[in-house]
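First the structure, in the form of C-alpha cells, and then the observations on it.
One-based numbering, in listed order, for ligands and for the atoms of each. Because only heavy atoms are used, hydrogens play no part in the values below, and waters and symmetry mates are left out as well, while side chains stay in.
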Amino acid sequence: MELSVAGQQISVEAGASFADAFKQALSKKQFKELVVARCGESLLDLSTPIPAGCATVEPVYADSPEGLEVIRHSTAHLMAEAVKKLFPSAKVTIGPAVDNGFYYDFDYERPFTPEDLEAIEAEMLKIVGADKPFVRAELTSAEAREKFAAEGETYKVELIDDLGVPSVSTYTQGGFTDLCRGPHVPRTGLIKAFKLTTVAGAYWRGDEKNPQLQRIYGTAWASPKDLKVYLERIEEAKKRDHRKLGVALDLFSFHEEVGGGMVLWHPKGALTRAILEDFERKEHLKRGYQFVQGPLILRRELWEKSGHYANYRENMYFTEIDEQAYGIKPMNCLSHMLIFKSRLRSYRDMPQRYFEHGVVHRHEKSGVLHGLLRVRSFTQDDAHILCRPDQLREEIIGVVKFVRDVMDIFGFNFEAEISTRPEKSIGSDEDWERATNALKDALEHMDMPYAINEGDGAFYGPKIDIKIKDALDRSWQCATVQCDFTLPERFDLSYIGEDGNKHRPVMLHRVILGSIERFMGVLIEHFAGAFPVWLAPVQARVMTVTDAHKPHAEKVLRFLQEQGIRAEADVRNEKLGYKVREAQMERIPYMLIVGDKEVEADGVNVRVRGGADVGFVPLSGVAQIILDAAREPFKRGGMSYSFS
Ligand SMILES: [Zn+2]
Ligand SMILES: [Zn+2]
C-alpha cells in the first residue's frame, strides 16, 4: 500500500509494520532513535502492523512531549522489572508517566530506603545495557487473569476484573510482563537518562481504606544533558523552598497547636505582604474600583441560595450562633452582591467594581497542605465587577491589562487559557457565546496568545486562567477572570436600563495575585528570598565599624527613615565582616557602612546585596539611590507608585 511516512511517499506490503515503513523513509541513525509512530491522533508501537486507514505516518522521537511521555512510562516498566528482580515478594500495581517523570506503586513489606533506590537504579542500568525489546501481546482476559494470579500479582488480577473486557494487552521486556495498553519504546536501550528521586506512601486507588503502597518516583529525559539541567533546577528549587526561606528570613511560621494550613506572619513577612496589599489598593483605586468589606461568616441560608451549600459544602466550615447556622466564607461574592443590591442601580451607575482583600477559609485535605502554596485560611485580592452586557468586553480587557501591568513589575512571563462551556452548565447559548467571545476578544486585543480548554469552564460561565512562569520556569496559576450569569440571576440583581426596564447585569469574578499567601510563597521562591527593593521589608541596614561611629549611624538611620526608607541599624559590638555576612544572609538590598571616613565626610560606604561595592556616597545621595531602585520595576511596567 501507498502512504506518506515522515513526509515521503513510500509503498509497503500489506501487513508491514511501522518499523518496516520507517526503515524506508528514515536514515539508519534516525531510525535508531525512534520512540513510537504517530498516525492521526494515535501513538502506536513500531512493531504494530500499519492499520488500513492510516495514510500518513509521523515519527515520534524522545525530545517531543509525546515521545518523552512514552519514554517515561517505559522507564516505569523498567523500574518494576528491577524491583521484582531485587525484591521478588513486592507486588506490582500501576506505573504511569507524570510531569517530568513517572512513578510506580508497589506493595512491599517495608518502605524502600535510599540505598534500595540506588540498587534499583543500578539494576535498571543493566537492563538498559542489555537493550531488550518491549514485546506486546494480546491475551484473553481469562488467560491474563490466570497468568497474573499464578504470579501472585493480585492487584493486576483486580485491574483485569475491573476492566471487564474480553481481551487485554501486555508488554514484556526481559523477564518482566506488565498489563498495559501501551505504546512503548521498541527497546530498553532507548531509555538513556533517568534517576529515581523519592519514595512516598500511597494508597491503592488513592483510598485510605485500601492497603498502603510504596510509591517510587523517578524522572526521565531524552538525553543525559536534559536530565542534568532538570536535576540542577530541582536542586535550585530546594534551595529556594519558601518553607525553608520563610524560617531563615523570619517571615512566617506554622504551628501544630494552631492547626494545619494556618499561617502566622512574623513582623517581616507581615510587613512585606502589607506593602504588597498597599500597592494593590492604590492600583485598584486608579482603575476605578471601590473598596468594600464583608463579614467572615454569613448565614447558611445565603449559602443555600447561592448554590455553595449544594455544590461546595465539603470545602466549607460551619458554625452556629444563637441556634442559627452560619457558613464561614470560602469566597467573597455574596457580600459584594448584597452591597450591589442595597440600592437601585441605573445603567449610568454601571459598572460597579467592588474590591476586597477578602479572608477566606477552605477545607483542604491535610495531605495536600503545602507551606504557603496550599493553606486553609488565606486572603484573596478579590473583585466582583457588575456590568451591563455591552460593557463586558471592555471590563475584561481592563482586568487583563491590570494583570499584565502587575506581572511585569515582578518580571513574570505568563500564559493564558480560556475554559469554555462544559456539558453540565446553565445560561443561554447566546450568553455563553457572548461571554466566551468577550474573553477571546480581550486577549486578542492585548496580543496575548491563549490556549483553549474545551469544556473546562465553570458551570456558571467561561473563564480565563493566567499562569505565570517563575525564574525556574515553573508554572503557577494566579489570576483568573470568570464570567458569571447565574449568581446575578439567583440573587435577582438588576439595574434600570435606558428603556426604563429592569435588566440583569453580568458579574465578573476576578483575582490578580489570587491568594496573597500563595503569591508570597511564589515570590519567595522566584526571588530566592531576595525581594526587590520596593518590596523588601528592610531596604537598608546601617552598620558601624566600632562603637565610636554609633552617633553617625543613628543620624543616618533617622535621615533614611524620614525619606520613607525602611532602614535599621546594626550597632552591635561585632566584627564588620560578621555584620555584613548576616545582612547578606537576610537578603537586605543595601548595606551602609559607617567608619571614620564616613563620619568625617558625612556619608556612608554603600554595598549592594549580591556583592557590588558602590563606595563612598554622601548622605543626601544614599536616599536617592535606594528610592530610584525601588521605583525601577514601576518604570519598566509603565506605572507610577508613590512611596509616601
Ligand atoms: Zn505500560
Ligand atoms: Zn466571586
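- The six-membered or imidazole ring of Tyr309 lies near that of Phe318, with a centre-to-centre distance under 6.0 Å.
- Residues Tyr217 and Phe102 keep their aromatic ring centres 6.0 Å or farther apart.
- Across Phe414 and Met448, no two heavy atoms sit closer than the pair CE1-CE, 3.2 Å.
- Checking Ser377 against His361 by side-chain atom types alone, a donor-acceptor pair falls below 3.5 Å.
- Between Tyr460 and His509, the distance from one ring center to the other falls under 6.0 angstrom.
- Take the Zn ion (ligand 1) as the corner point: the lines to NE2 of His77 and to NE2 of His73 open at 110°, to the nearest 10 degrees.
- Angle NE2 (His184) to the Zn ion (ligand 1) to SG (Cys180): 100°, rounded to 10°.
- Partners of Glu146 according to the side chain to side chain donor-acceptor pair (under 3.5 Å) rule, which considers only residues two or more places apart in sequence or in another chain, do not exist here.
- Between Phe106 and Tyr104, the ring planes are parallel. Angles under 30° get that label, and only those over 60° would be called perpendicular.
- Each protein N, O or S atom less than 2.8 Å from the Zn ion (ligand 2) was counted, giving 3.
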